[in-house]
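Computation of the quantities below employed the complete heavy-atom set of this structure, encompassing side-chain atoms and omitting hydrogens, waters and symmetry-equivalent molecules.
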Amino acid sequence: MEKCNDSSEYGFILVGFSDCPKLEMVLFIINFILYSMAVLGNSTIILVCILDSRLHTPMYFFLANLSFLDLCFSTSCIPQMLVNLWGPDKTISYAGCVVQLFSFLSVGGIECILLAVMAYDRYAAVCRPLHYLVIMHPQLCLGLVAAAWGSGLVNAIVMSPLTMTLSRCGHCRVNHFLCEMPALIKMACVDARAVEMLVFAFAVLIVLLPLTLILVSYGYIAAAVLRIKSAARRWKAVKTCSSHLTVVSLFYGSIIYMYMQPGNSSFQDQGKFLTLFYNLVTPILNPLIYTLRNKEVKWALKKVLGRQ
């Protein structure tokens, strides 16, 4: 493992995809196009949700927040990766690594909890339709989003300093294209079991607990849908939840699959592409999923573009 005199002074080397130099320019072009699409798609969703008064409802308030988080998620690492893919310089400053790690941890944690909040919103819409607006009043929506942001920020505030202050004995090569926490912890030359235990505790709170709440919410939703006798109403209820359920499956599926893999080199390389998937592909798919499956969003988009 390559060593530097002091990583806090010289920064880190992001190995990324440098072991496949012929692939780097192809990845640069593909990722630049995908990143541009992610920025355009999520910015459009945010603007449409703000400008169209018909979308000033709890569901679209949460959707606008999700699109903003997707923008932050991609922007926290993709621009730096594009710089490193473009030329021979693979370095990132110590401060840049800290910012990237903090952004990645906070936004990822916020998104996990926000998806659980959106599942509760869908539960209220399907299981308590007559009381939906009473249950999901503006103060509760703001409180739930604030709780999601607060939890994600606490996760980053606690874990970022602990990860960055681990002694690395001069090691500065990060076997990833971003300053990801597992890759940085693996570089430590001291016993990091206490940090790893804390990582596990936060993973339970930030990832598994929201996922459990999502599954419970959809359990109640499924039971409610099965009790609906009208086929048309049953299909409408399914359509109400299908977009969110698709987004949850993409986001959590890629994360769970990646972190359950063994640590050998082939799976580490696969992990880089999976990280790209939930950092870039998922933020592109989210606006498409909500736009293509939602008549209200399509109508609002046409109105904003002046076609209706």
- Flag side-chain contact, heavy atom, 4.5 Å: M136 against F62: yes
Going by atom type alone, with no hydrogens or angles, which donor-acceptor pairs under 3.5 Å involve a side-chain atom of residues 28-37 and a protein atom two or more places apart or on another chain?
from, atom 1, to, atom 2, distance (Å)
N31, ND2, L27, O, 2.9
Y35, OH, T75, OG1, 2.9
S36, OG, F32, O, 2.8

- Message: Is there a path of hydrophobic side-chain contacts, each under 4.5 Å between heavy atoms of I/L/V/M/F/W/Y residues, joining V83 to V174?
- Response: no
- Following the transitive rule for hydrophobic clusters with a side-chain heavy-atom cut-off under 4.5 Å over Ile, Leu, Val, Met, Phe, Trp and Tyr, establish whether M81 and W86 coincide in one cluster. yes
- Message: Tell me if the aromatic rings of H176 and F12 count as close, with their centers under 6.0 Å from one another.
- Response: no
- Message: A side-chain contact here means heavy atoms from C-beta on lying under 4.5 Å apart; do L184 and C179 qualify?
- Response: yes
Side-chain donor-acceptor pairs under 3.5 Å in residues 150-166, sequence neighbours left out?
from, atom 1, to, atom 2, distance (Å)
S151, OG, A147, O, 2.8
N155, ND2, L105, O, 3.4
S160, OG, A156, O, 2.8
T163, OG1, M159, O, 2.8
T165, OG1, P161, O, 2.6
T165, OG1, L162, O, 3.4

- Message: Any non-hydrogen side-chain atom of L14 less than 4.5 Å from a side-chain atom of Q80?
- Response: yes
- Query: Tell me the disulfide bond (SG atoms under 2.5 Å apart) pairs involving residues 103-165, sequence neighbours left out?
  - Reply: none
- Query: Within the side chain of T91, is there an N or O that forms a donor-acceptor pair under 3.5 Å with the backbone of I13?
  - Reply: no
- Does anything in residues 43-92 pair up under disulfide bond (SG atoms under 2.5 Å apart), and if so which pairs, sequence neighbours excluded? none
- Under 3.5 Å, side chain of H137 to main-chain N/O of L140, donor-acceptor pair present? yes
- Task: Determine, using the 4.5 Å side-chain heavy-atom cutoff (strictly less than), whether I289 and Y60 are members of one ILVMFWY cluster.
- Result: yes
- Query: With side chains defined as the heavy atoms from C-beta onward, is the minimum distance between Y218 and H244 less than 4.5 Å?
  - Reply: yes
- Task: Tell me whether F104 is reachable from W149 by hopping between hydrophobic residues (I, L, V, M, F, W, Y) whose side-chain heavy atoms are closer than 4.5 Å.
- Result: yes
- Query: Backbone N or O of S103 within a donor-acceptor pair of the S106 side chain at under 3.5 Å?
  - Reply: yes
- Answer yes or no: are there more than 12 heavy-atom neighbours, outside R54 itself, under 6.0 Å from its atom CZ? yes
Show the atom names and distances, to 0.1 Å, of all donor-acceptor pairs under 3.5 Å that link a side chain in residues 187-216 to residues at least two apart or in another chain.
from, atom 1, to, atom 2, distance (Å)
D191, OD1, R193, N, 3.1
D191, OD1, R193, NE, 3.1
D191, OD2, R193, NE, 3.1
D191, OD2, R193, NH2, 2.8
T212, OG1, L208, O, 2.8

- Which word best sums up how the rings of F73 and F251 line up, parallel for under 30°, tilted for 30 to 60°, or perpendicular for over 60°? tilted
- Please tell me if the side chains of N65 and V117 come closer than 4.5 Å, counting only heavy atoms from C-beta onward. no
- Query: Side-chain heavy atoms under 4.5 angstrom apart, residues restricted to Ile, Leu, Val, Met, Phe, Trp, Tyr: same cluster for V107 and F102?
  - Reply: no
Which pairs would a plain distance check flag for residues 223-233, meaning a side-chain donor or acceptor within less than 3.5 Å of a matching protein atom at least two apart in sequence or in another chain?
from, atom 1, to, atom 2, distance (Å)
S230, OG, A232, N, 3.4
S230, OG, R233, N, 3.3

